[in-house]
Student: 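First the structure, then my questions, so here it is.
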Amino acid sequence: MNKIVEFYAPGKIIFGPGGLSQVGIEAKRLGSKALVVVGRSAMRKSGTLDRLTHLINDNQLEYIIYENIPSDPTVETVDTGTSLARKESCNLIIALGGGSVLDTGKAISGMVTNEGSVADYQEIEGKGKKFKSKPIPFIAIPTTSGTGSEATSNAVITNTKLDLKKSIRDVSLIPEVALVDPELTLSLPPSTTAICGGDALTQCIESYLGKKNQDITDALALHAIELIGKSLIKAVKDGKDLEARQEMAMAALLSGLCLSNSGLGAAHALSHPLGVYYKIPHGLSCAVLLPHVMEYNLPVVTKKLAKIAGCLGENIFSWSEMDSSKRAIEKIKEILTAVGIKENLSAWNIKKEDFSQLIRGAKGGTLNNNPRDTSDEDLITLLYKMTGLY
């Protein structure tokens, strides 16, 4: 590998069952008043939010809650939270929830110390302002195993005025603390577990195959793929299986480290506009696209796909490299089918007339990192396959 690489990770990673108990200690180390960012109701109903706030109180910190974060946070969501954090003089952000909540908290942490709207910093058509001031500290506590946002340098935000879903990105946005407690995922329903797991799997595979791959992320990605192959089906079938939940939480964390340092590919690029126009859950569209994108990329990543087959338990030593690479794709399809993810998105009634808008929304750095270059015609073919219109 004749290239200089850089690798970034959270300032501190706390991992393991019961890890939430450490949040008060970490919060006290980083700030004196926290904006606690949560979703719509799950964390209140489960009692997890109460546990969190008690732990903050026990460490003599003040806090204010910013809740009802939607599944696709918008520019307005972030700007409102930023105004609240400034008004209340918060010097710490704690986000408890899935990827959307974590992305919201992450974006707010960056915007509290920087002027303007978060829209000014989005990667739209290669543009976007850079942060001039360091974000306030951010503690990320994921309650799903999928997005890896607890380890990434970007936050995906929907710009409703432009009908685009794009990231803000800066290494300073990587959380100061990633607190990953697998026990927080035990109550996730099977469908959410499957979709989040599909997202993590896509992130690992796309970063491993992408043009910006590096040895560190390759090793992490292959291990995470192995963990998902062993545990995703178990976690979907028995949500109380703590060992499976722990392995999926680790895989998701590793997927975040991979994507943050080595980027993604065509599956993620197309998934974002599908979320904007059709409100398709991000992990679902990624998972459905994944085998189709792998097949498209096969001619240029045959050797790497063969290694994926080995990580998924296949005896690749008795097959040719090409057969092994094809088997990797089939194995991915089998895993996704076993957890209830269908081979296409025909149920969402995606229209051919929208393909041009979807392709426009897919353009950018993520698509450019795909190992095989794509034309608009190639993307149209992928859309036909994943929509079931082909």
Student: Tell me, yes or no, whether the heavy-atom count around Lys304 atom NZ, taken from other residues, nucleotides or ligands under 6.0 Å, exceeds 12.
Tutor: yes
Student: Decide, yes or no, whether a salt bridge links Glu295 with Lys333 under the criterion of side-chain N to carboxylate O below 4.0 Å.
Tutor: yes
Student: Going by heavy atoms in the side chains, are Ile332 and Met294 under 4.5 Å from each other?
Tutor: yes
Student: Determine the interplanar angle of the Phe131 and Tyr121 rings, folded into 0 to 90°, and report it as parallel if under 30°, tilted if 30 to 60°, perpendicular if over 60°.
Tutor: parallel
Student: List the steps and the verdict of side chain to side chain contact (heavy atoms under 4.5 Å, CB included) for Val101 and Leu96.
Tutor: CA-CA 7 Å; Val101 173; Leu96 172 73; 5.7 Å; no
Student: So, the side chain of Thr193 versus the backbone of Ala235: is there a donor-acceptor pair under 3.5 Å, distance only?
Tutor: no
Student: Between Tyr208 and Glu206, does any side-chain donor sit less than 3.5 Å from a side-chain acceptor?
Tutor: no
Student: Would you say Leu184 ends up clustered with Ile56 if hydrophobic residues are merged whenever their side chains have heavy atoms under 4.5 Å apart, either directly or through other cluster members?
Tutor: yes
Student: Are the side chains of Lys165 and Asp72 in contact, using a 4.5 Å heavy-atom criterion?
Tutor: yes
Student: Got a donor-acceptor contact below 3.5 angstrom from the Thr302 side chain to the Leu298 backbone?
Tutor: yes
Student: Report all side-chain donor-acceptor pairs from residues 338-345 shorter than 3.5 Å, counting only partners two or more places apart or in another chain.
Tutor:
residue, atom, partner, partner atom, Å
Asn344, OD1, Ser346, N, 3.0
Asn344, OD1, Ser346, OG, 2.9

Student: List for me each residue that meets ring pair (Phe, Tyr, Trp, His ring centres under 6.0 Å) alongside Tyr63, sequence neighbours excluded, and say none if there are none.
Tutor: none
Student: Give a yes or no on whether the backbone of Leu55 and the side-chain of Asn59 come within a donor-acceptor separation of less than 3.5 Å.
Tutor: yes
Student: Side chains of Thr113 and Ser133: is there a donor and an acceptor less than 3.5 Å apart?
Tutor: no
Student: Do Tyr277 and Asp163 have a side chain donor and acceptor closer than 3.5 Å?
Tutor: no
Student: Does Glu321 reach the main-chain N or O of Leu305 with its side chain, forming a donor-acceptor pair under 3.5 Å?
Tutor: no
Student: Tell me whether Lys134 at atom NZ has more than 12 heavy atoms from other residues, nucleotides or ligands lying less than 6.0 Å away.
Tutor: no
Student: Are the side chain of Ser46 and the backbone N or O of Ala42 linked by a donor-acceptor pair below 3.5 Å?
Tutor: yes
Student: Using only heavy-atom distances, determine whether the side chains of Asp103 and Ser100 contain a donor-acceptor pair under 3.5 Å.
Tutor: no
Student: Is it true that a side-chain atom of Asp181 and a backbone atom of Leu20 form a donor plus acceptor pair closer than 3.5 Å?
Tutor: yes
